[in-house]
2 protein chains.
Amino acid sequence: MSKILIVEDESDISELIALHLTREGHDYLCIANGLQALPAAVEHQPDLIVLDLMLPGLDGMQIFRRLRADTRTTNIPVIILTAKAQVTDKIAGLELGADDYLTKPFSPRELYLRISAILRRVKKVTHVSEIHRGRFMLDRKNMKLFLDGSPLDLTTTEFKLLTTLMENDATVHTRADLLREVWGYSTEVATRTLDTHIKRLREKLGSAGNHIVTIRGTGFQFQTELPEAIAA
Amino acid sequence: MSKILIVEDESDISELIALHLTREGHDYLCIANGLQALPAAVEHQPDLIVLDLMLPGLDGMQIFRRLRADTRTTNIPVIILTAKAQVTDKIAGLELGADDYLTKPFSPRELYLRISAILRRVKKVTHVSEIHRGRFMLDRKNMKLFLDGSPLDLTTTEFKLLTTLMENDATVHTRADLLREVWGYSTEVATRTLDTHIKRLREKLGSAGNHIVTIRGTGFQFQTELPEAIAA
DNA sequence: GGCAAACGTGACGAAATTGACACAGTCAAA
DNA sequence: TTTGACTGTGTCAATTTCGTCACGTTTGCC
């Protein structure tokens, strides 16, 4: 649902957070190098950043200030983690616009709650989630697919699969990619599952099913424009 | 210009806060007796409540729970002040839906900043107290639901749940989302609670219960317009 | 054309999801 | 303290959805 950027050099902490986020159905991205925080935030546009101030050899507050200074990231909420419990630092953080502030050691649960609280607020300003592709209109927010204006019923898995294909239409999606995106598999599994779902999807799309094109030996692709309808 | 309710028995603290608020151009209202918190909040509809949990002879958490339970005050952000620094209490507060939490002794400055932060956020949300959706009319202020013009009695939880669904109607609400929005859980707990309440809600809505649509594998959705009641 | 690999298809059992319900715990009012 | 309303949890069954398998078909290549 939401995408979170975690900037934290201690892998056990970031993994803990990541685990929780996964369970909550969120996307996340971990980086350990504070210098990458800004570029990563710019590129991935997360909904929330969890920033550890105590990165080795770096002034975390500096990073934070840059995040706030850059227009592409100013509006992204930031939760700051730090070992410094001094009040002055807290103030500095909040004053600069951090959305929340936790001092180590903190209860993971409390962090989750604060993350949730912030996402809850942010979520209300949801992005427009409609993808238009030719005869198709995919409404992520409502989880609806419209083909030529009329709605089609898809299961959750089918919807995820189609969304993934349509988000980057015209690009070839590897089998491994799709398995990872839709099923969350990290490993490559030899399975016909993907094929089955592709098939069911095509079935439901009816005549428009041929927009899902097989790239033999590689994967699948969504083509908005079909090259040659006329094979005659 | 916002209105803040301060519930605090130590007059030096409340005066300090009040002074700051005045300088910032806000209205405020101080009460020392926790029992008056709810009635005062109902009457004055403040934009924010600062609640000291350590009121003499009263369980502050109790007061907080009542504030949350009453629909006329559920949506008012609360900052909790307390001397109890125990993590469990913090969690209890946040879990119940407090917007922020400060433990004494705190820097007044920090409190101001948090107050400002919350007011800034709240201000963006224009409060509409009536939601009209087809046959439904939901009156948040009085916690009443009208179906085809006649009132239905809903419990607090049911009301919150329905409100959440109706506020963003037609959008799919994840189970996790709903648990967060309505219950404040940050949890991954497998529970039938949500289902149970959905069921009770549908029951009370009677024939109109089918406006609450199950999205299998994902969550629920409020549909103002039902697709095809009878395709015959 | 023949071959092997990759892909499509249909069917079936397993797993997940959810609605219904009973029951126990909690809280506020009497 | 008792009562009654409300809420949360566990179980069960019905249903949907999923993943796997076996087998047929297509594709690329010689």
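Proteins come first, then strands; the chains are lettered A, B, ... in the order of their sequence lines, and each starts at number 1. Keep in mind that this is a model prediction, so the values were computed, not measured.
- Nearest-nucleotide mapping onto DNA chain C: of G219(B) and E203(B), the residue sitting toward the 5' end is G219(B).
- Residues T156(A) and T196(B) each lie close to DNA chain D; by heavy-atom proximity, the contact nearer the 5' end of the strand is made by T196(B).
- The CD-P distance, from E158(A) to dC18(D), rounds to 6 Å in whole Å.
- Between atom NE2 of residue H173(B) and atom CD1 of residue I212(B) there is a gap of 10.5 Å, rounded to the nearest 0.5 Å.
- In this model, the phosphate group of dC18(D) is not approached by any side-chain N or O of W183(A) to a distance below 4.0 Å at OP1 or OP2.
- OP1 or OP2 of dT20(D) sits under 4.0 Å from a side-chain N or O of T193(A).
- If you measure from atom CZ of F220(A) to atom P of dA6(C), you get 13 Å, rounded to the nearest angstrom.
- To the nearest 0.5 Å, the span separating CG on L138(A) from CZ on R133(A) amounts to 9.0 Å.
- Distance, R192(B) CZ to dT9(D) C1': 10 Å, rounded to whole Å.
- Between the CD1 atom of I198(A) and the C1' atom of dG19(D) there is a distance of 15 Å, rounded to whole Å.
- Contact check, K199(A) against dC7(C): no side-chain N or O comes under 4.0 Å of OP1 or OP2.
- Between the P atom of dG19(C) and the CG atom of L194(B) lies a distance of 9 Å, rounded to the nearest Å.
- Atom CZ in R202(A) sits about 11 Å away from atom P in dC7(C), given to the nearest Å.
- Of the two residues contacting DNA chain C, namely R200(B) and G217(B), the nearest-nucleotide position lying further toward the 5' end is that of G217(B).
- In this structure, Q221(B) and K144(A) approach most closely via the heavy-atom pair NE2-NZ, 4.3 Å.
- One interatomic measurement links the two molecules: CD1 of I212(B) to C1' of dT18(C), which rounds to 14 Å at whole-angstrom precision.
- Distances from the side chain of T155(B) to the nucleotides dC6(D), dG19(C), dC18(D) place dC6(D) closest.
- Look at CG on L201(B): it is 16 Å from C1' on dA20(C), rounded to the nearest Å.
- Between L154(A) and T157(B), the residue whose closest nucleotide on DNA chain D is further toward the 5' end is T157(B).
- Classification of E158(B) and K204(B) as a salt-bridged pair holds, one side-chain N sitting under 4.0 Å from a carboxylate O.
- Between R175(B) and D195(B), at least one side-chain nitrogen of the basic residue sits less than 4.0 Å from a carboxylate oxygen of the acidic one, meeting the salt-bridge criterion.
- Residue T214(A) places at least one side-chain N or O under 4.0 Å from the OP1 or OP2 atom of dG8(C).
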